[in-house]
Amino acid sequence: MTMTICPPEADRDLSMYARAAKMIKGAKRCVAFTGAGISVESGIPPFRGENGLWNKYDPKSFDIQYFRQNPRQSWEIIREIFYEVFGQVQPNFAHYTLAQMEIKKLIKAVITQNVDNLHTLAGSKTVHEFHGSLKRLVCLGCRHKYKVSKIDLDTLPPACPDCGNILKPDVIFFGEAIPEPARTHSFGEASRADCFILIGTTGTVAPANTIPGAAKSNGACIIEINPFPSEYTRSVTDVFLQDKASVAMEKLVEEINR
Ligand code: APR
């Protein structure tokens with residue numbers, strides 16, 4: 001286990017943003033790891049905390065056993081949250097900045113727990129969707145996948161055009177396994193990266209929440225962006241940028257371009 005001193009003693013007198021910028025510019029392989037918080041400024045509520053989705057909706061609608069037994073009831077909630085609320089949202093400055101950082105080779109990839117497709121929409125090319133994507137539906141029977149735009153969601157539950165079985169969003173429900181190749185790619189990044197930028201995640205959901213710790217134990221320096229402390233802040237974070245995602249990304253880019 002290689003323990004890197006992050007930030008190096010010499011950088012102790014730099015501002016937090018200057019330290020973070022120096023880490024990113026000096027990294028061989030920097031990776032972003034994002035959660036619901038990066039999409040809050042796009043109008044998507046987080047799952048936890050003030051006005052979190054789980055305060056309003058029962059997570060059971062996203063439990064695979066409940067879904068199999070109550071597909072219509074589950075779909076009514078899923079459609080309301082994910083296709084009526086989420087459906088119209090656009091990437092925000094933080095998503096676009098990560099896409100620009102990839103173009104400038106400052107980051108190699110984004111690992112996201114989000115299913116809103118906003119990183120791809122913002123132009124990020126290497127996005128590992130650890131919890132899948134709402135943009136696809138998958139058949140519980142034949143496992144065929146369909147673009148959600150091609151399926152009529154007025155009749156619930158939607159039926160597979162091929163085999164007639166029930167379609168579900170291609171996102172991980174509670175009780176389901178993490179999809180491949182996202183799982184392998186994400187833990188692969190944690191074994192290779194020397195810099196991780198955590199953005200907008202509480203760190204409460206496994207196994208996603210083991211990825212930053214794996215990166216840390218492999219010697220990565222951990223930068224965290226969040227307006228509030230998370231499970232990571234006292235455990236793995238080396239530089240905590242306590243701001244909203246878009247505010248932090250603007251300050252970070254300013255320091256990187258200095
Ligand atoms: N900018 C950055 N972070 C923010 C902002 C913002 N504007 N607003 C809120 N946050 C932070 C909150 O402080 C919190 O730490 O975003 C985080 C949101 O936490 P969660 O809602 O728990 O989201 P996340 O960590 O991504 O949840 C993980 O849980 O329910 C499952 O599958 C779901 O992928 C999700 C997983």
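Atoms within each ligand, like the ligands themselves, are counted from 1 in listed order. For this chain, numbers begin at 1 and follow the sequence in order. Reckoned from all heavy atoms, side chains included, excluding hydrogens, waters and symmetry mates.
- Using modelled atom types, one finds a donor on one side chain and an acceptor on the other under 3.5 Å when comparing N92 with S42.
- By the 30° and 60° cut-offs, the orientation of the rings of Y232 relative to F33 is perpendicular.
- When each of L167, L153, D170 is checked for a side chain to side chain contact (heavy atoms under 4.5 Å, CB included) with V148, only L153 meets the rule.
- Within the listing of ligand 1, atoms 21 (O), 30 (O), 33 (C), 35 (C) sit less than 4.0 angstrom from a heavy atom of F47.
- For atom 5 (C) of ligand 1, the closest non-hydrogen atom on the protein side is G37 O, 3.5 Å.
- Ion pairing between a basic and an acidic side chain is recognised when a charged N comes within 4.0 Å of a carboxylate O; D238 and R19 show no such pairing.
- Between the side chain of T112 and the backbone N or O of E129, no donor-acceptor pair lies under 3.5 Å.
- When each atom of ligand 1 is checked for a heavy atom of A245 under 4.0 Å away, the hits are 1 (N), 2 (C), 6 (C).
- By the 4.0 Å heavy-atom criterion, W54 is counted among the residues contacting ligand 1.
- Scanning the protein heavy atoms around atom 27 (O) of ligand 1, the nearest turns out to be R48 NH1, 3.1 Å.
- Shown in contact with K244 at under 4.0 Å from a heavy atom are these atoms of ligand 1, numbered in order with element: 1 (N), 7 (N).
- Here the rule is side chain to side chain contact (heavy atoms under 4.5 Å, CB included) with I256, and of K22, K251, K25 only K25 fits it.
- Near G35, meaning under 4.0 Å from one of its heavy atoms, ligand 1 places the atoms 26 (O).
- Of the options V247, I172, T202, the smallest heavy-atom separation from atom 22 (O) of ligand 1 is shown by T202.
- Taking a cutoff of 4.0 Å between a charged side-chain nitrogen and a carboxylate oxygen, K168 and E176 qualify as a salt bridge.
- Of the protein's non-hydrogen atoms, the one nearest atom 11 (C) of ligand 1 is N226 OD1, 3.4 Å.
- Of all protein heavy atoms, the one closest to atom 36 (C) of ligand 1 is V205 CG2, 3.7 Å.
- Ring geometry, W54 versus F62: the interplanar angle falls from 30° to 60°, so the pair is classed tilted.
- Checked against a 3.5 angstrom limit, the closest N/O atoms of D243 and ligand 1 fall outside it.
- Side-chain contact check for Y66 and D58: no donor-acceptor pair (N or O, by modelled atom type) lies under 3.5 Å.
- When only interatomic distances are considered, the shortest N/O to N/O separation between A36 and ligand 1 falls below 3.5 Å.
- The ligand atoms of ligand 1 that sit less than 4.0 angstrom from a heavy atom of Q113 are 26 (O), 28 (C), 34 (O).
- Within ligand 1, the atoms closer than 4.0 Å to a non-hydrogen atom of H131 are 32 (O), 34 (O), numbered from 1 in the order shown.
- Using 4.0 Å as the threshold, P227 has a heavy atom nearer than that to some atom of ligand 1.
- Between H95 and H119, the ring planes lie perpendicular to each other; the angle is over 60°, past the 30° to 60° tilted range.
- Within ligand 1, counting atoms from 1 as listed, the ones closer than 4.0 Å to a heavy atom of E41 are 1 (N), 6 (C), 7 (N).
- A distance-only check finds a donor-acceptor pair linking the side chain of H131 to the backbone of Q113 [under 3.5 Å].
- The heavy atom nearest to atom 24 (P) of ligand 1, out of those in T201, N92, I44, is found in T201.
- The nearest heavy-atom contact from the protein to atom 8 (N) of ligand 1 is V40 CG2, 3.7 Å.
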